[in-house]
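Structure first, then comments.
As the structure is a computational prediction, the values presented were derived from the model and not from experiment.
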Amino acid sequence: MAEESTAIVIFGASGDLTRQKLLPALFSLYCKSRLPPGVRVVGFSRSGFSDDEFREMTWEGIREAGEPAGLREQWEEFARGLTYFSGDLADPQHLVGLGARLDELEGDSVSANRLYYLSIAPQLYETAISNLGASGLPQGAGGWSRVVIEKPFGTDLDSARALNEAVHRVFDESQVYRIDHYLGKETVQNLMVFRFANAIFEPIWNRNYVDNVQITVAEEVSVGDRAGYYDRSGVIRDMVQNHLLQLLTMVAMEPPSTMDASSLRNMKVDVLKAIRRWTPKEAATHAARGQYRGYLSEKGVTPHSTTGTYAALKLYVDNWRWQGVPFYLRTGKSLAYKVSEIVIQFRSPPHLLFSSSQDSKLTPNILSLCLQPDEGTHLKFEAKIPDQGMDTRPVDMEFRYETAFNKRAIPEAYERLLQDALEGDASLFIRSDHIEEAWRIVDPLLDYWQDPHAPAPHTYEPGSWGPREADALLAGDGHEWVQVCGGHGE
């Protein structure tokens, strides 16, 4: 008699996310011996695959993710644990049939654990959760049951609340893992280590020394074949409400008492609660919206669409640590190059003692955390130019993953997140109150931009850094966008 078994059920198993990310990540975890013994992966979707066809699709996805040289033996072992069930999530009876199949696979296990992954369209989340509850699947078979839900979680505060209520009718909050793959990135996790494992930074990580904080998540690609979805969503829902606000909380949060999930997530929610809320009038002056030239010609975009493909925001965190320090956020499509970067710009020295060969002001110290693609950290400070006099210029002290470690060893974000979900560690997942606070921050801006009388988005050229109005957002405070991370793709 088996003591324990674990099944990973992926709903939407025939989709791109499953093939390109989830299954390759699970195989990588298997090769690293990080999956539970005897784990089974059950694919569920409407496509009529056989088990062998599902395994072939999985192998193709693994090969596309990176040639698994020398891993054919591990693949054959892993493939034996793959199975497929064809069904419709909208039909509760199909889920009852899935339950019978799981019971069969679990056999006489004393404790049967189940992880349900919703790799499906967001509009299907509520139906899927409701039918899971009606089928009795979340009760499991003596072990734990957990559900992983992809972003976006709602389209505004009201829809997020309604979805939370629907989820909580079936699953306890402790069973719910709302996933944002950005938090699984190695360099994002390193931000926590950087802040809390190095005593030299914490004393200056506050309004007394920090002049402003800039967070950039730029994409070189256009909306492409996602145009239909993107036109209904827009840049705020697609990137700001989740990815950028997540990064802001990690920069601004207080040190947690311990690294357990509850303490860590409490600190993040406290940051969101402290972010100054906008009125519609403030939304007009604290944010800039852009749309790249040619967006209206993308397939699936409605004529005369005012959907933003670029956004820049100025936020304030009203607490003792950050009072008065502006946090500038920007993100967009069809920009100059792909880069994700956090810039901490420190205050200039209060009194100028030395001359500078460049200008009459010393360059402020800048700490840049490069999240992708040239992962690493840069610290810019002043140094004396050799020869007579006391002329100075900024120099760069850097750490790069590519040289310090084997960059190829950086795992995919989904590896870490899937492993954490299996182990019950919710530290890198989003709690219900976090989701709702994030929507409270951006809802006034969405309401303002959706008003028929709101100004149209500013047009910017593909390959640029967005509209000039985003520069003006900083210029009014005497600041400008800072770019340290390299301008090249992976």
Side-chain angles (χ1 to χ4, degrees), residues 5-30 34-36 38-62 64-65 75 78-91 94-95 97-106 112-125 127-129 131-132 135 137-138 140 143-151 153 167 170-171 175-181 184 412-423 429:
S5 66
T6 301
I8 303 170
V9 183
I10 302 177
F11 296 108
S14 60
D16 289 343
L17 176 63
T18 300
R19 184 175 62 85
Q20 296 172 4
K21 297 293 185 181
L22 302 183
L23 291 169
L26 287 171
F27 179 60
S28 180
L29 289 173
Y30 179 83
R34 294 179 183 172
L35 290 181
V39 66
R40 292 186 177 275
V41 180
V42 181
F44 182 103
S45 73
R46 289 180 296 181
S47 301
F49 291 149
S50 65
D51 284 356
D52 285 341
E53 288 170 333
F54 180 57
R55 289 165 184 156
E56 182 61 30
M57 184 200 81
T58 301
W59 177 243
E60 288 302 315
I62 291 169
E64 289 171 12
W75 158 249
F78 178 71
R80 285 195 286 270
L82 296 177
T83 190
Y84 184 82
F85 189 93
S86 178
D88 187 349
L89 266 174
D91 188 337
H94 288 191
L95 292 174
L98 172 65
R101 180 68 177 275
L102 290 172
D103 290 340
E104 178 186 336
L105 292 171
E106 290 157 353
N113 305 316
R114 295 175 181 176
L115 179 71
Y116 302 106
Y117 199 114
L118 301 188
S119 178
I120 57 178
Q123 62 268 26
L124 300 178
Y125 289 162
T127 299
I129 293 290
N131 288 339
L132 274 171
S135 71
L137 283 175
W144 51 256
S145 289
R146 299 172 188 140
V147 61
V148 180
I149 306 176
E150 278 279 347
K151 79 168 188 76
F153 196 92
V167 170
V170 178
F171 292 94
Q175 298 174 285
V176 183
Y177 290 69
R178 298 171 191 80
I179 193 169
D180 182 344
H181 75 275
E412 268 287 335
Y414 280 100
E415 281 190 42
R416 170 66 186 269
L417 295 171
L418 283 165
Q419 184 177 351
D420 284 357
L422 288 166
E423 294 176 354
F429 294 84

When Phe49 is tested against each of Phe44, Phe85, Tyr84, Phe54 for ring-ring contact (aromatic ring centres under 6.0 Å, His included), which residue passes?
Tyr84
Gap separating the CE atom of Met57 from the OG atom of Ser14, nearest 0.5 angstrom
7.0 Å
The test is side chain to side chain contact (heavy atoms under 4.5 Å, CB included); show your working for Ile129 and Leu118 and say whether it passes.
CA-CA 9 Å; Ile129 293 290; Leu118 301 188; 3.9 Å; yes
Compare every heavy atom of Leu115 with every heavy atom of Ala421, then report the nearest pair and how far apart it is.
CB-CD1, 4.2 Å
Taking the side chain as every heavy atom from C-beta outward, state whether Tyr414 and Ile179 have any pair of such atoms under 4.5 Å apart.
yes
Would you say that Leu89 contacts Asn131 through its side chain, given a criterion of any heavy-atom pair below 4.5 Å between the two side chains?
no
For Val42 and Leu98, run side chain to side chain contact (heavy atoms under 4.5 Å, CB included): C-alpha distance rounded to whole Å, both residues' side-chain angles, the deciding distance at 0.1 Å, then the answer.
CA-CA 9 Å; Val42 181; Leu98 172 65; 4.1 Å; yes
What I'd like to find out is whether the side chain of Leu422 reaches to under 4.5 Å of the side chain of Asn113, using heavy atoms alone.
no
Distance col, row Ser28:OG vs Ile62:CD1, nearest 0.5 angstrom, shows 9.5 Å
Glu412/Lys21 salt bridge by N-O under 4.0 Å criterion
yes
With side chain to side chain contact (heavy atoms under 4.5 Å, CB included) as the criterion, how do Leu22 and Leu17 come out once you've worked through the C-alpha distance, each side chain's angles and the decisive distance to 0.1 Å?
CA-CA 6 Å; Leu22 302 183; Leu17 176 63; 4.1 Å; yes
Pair Trp75-Thr58, side chain to side chain contact (heavy atoms under 4.5 Å, CB included): steps then yes or no:
CA-CA 10 Å; Trp75 158 249; Thr58 301; 3.8 Å; yes
Report the distance from atom OG of Ser50 to atom CZ of Arg55, rounding to the nearest 0.5 Å.
8.5 Å
Interatomic distance, Asp52 atom CG to Thr83 atom OG1 [nearest 0.5 angstrom]
10.0 Å
As an exercise, state the distance from OG of Ser119 to CG of Leu124, rounded to the nearest 0.5 Å.
11.0 Å
I'd like to check Leu95 versus Phe11 (side-chain heavy atoms, cut-off strictly below 4.5 Å). Are they in contact?
yes
Return the CG to OH distance between Leu137 and Tyr116, rounded to the nearest 0.5 Å.
4.0 Å
Check whether any side-chain heavy atom of Glu150 sits under 4.5 Å from a side-chain heavy atom of Tyr125, and report yes or no.
yes
Kindly indicate whether the side chain of Leu26, heavy atoms from C-beta on, has any atom under 4.5 Å from the side chain of Val39.
no
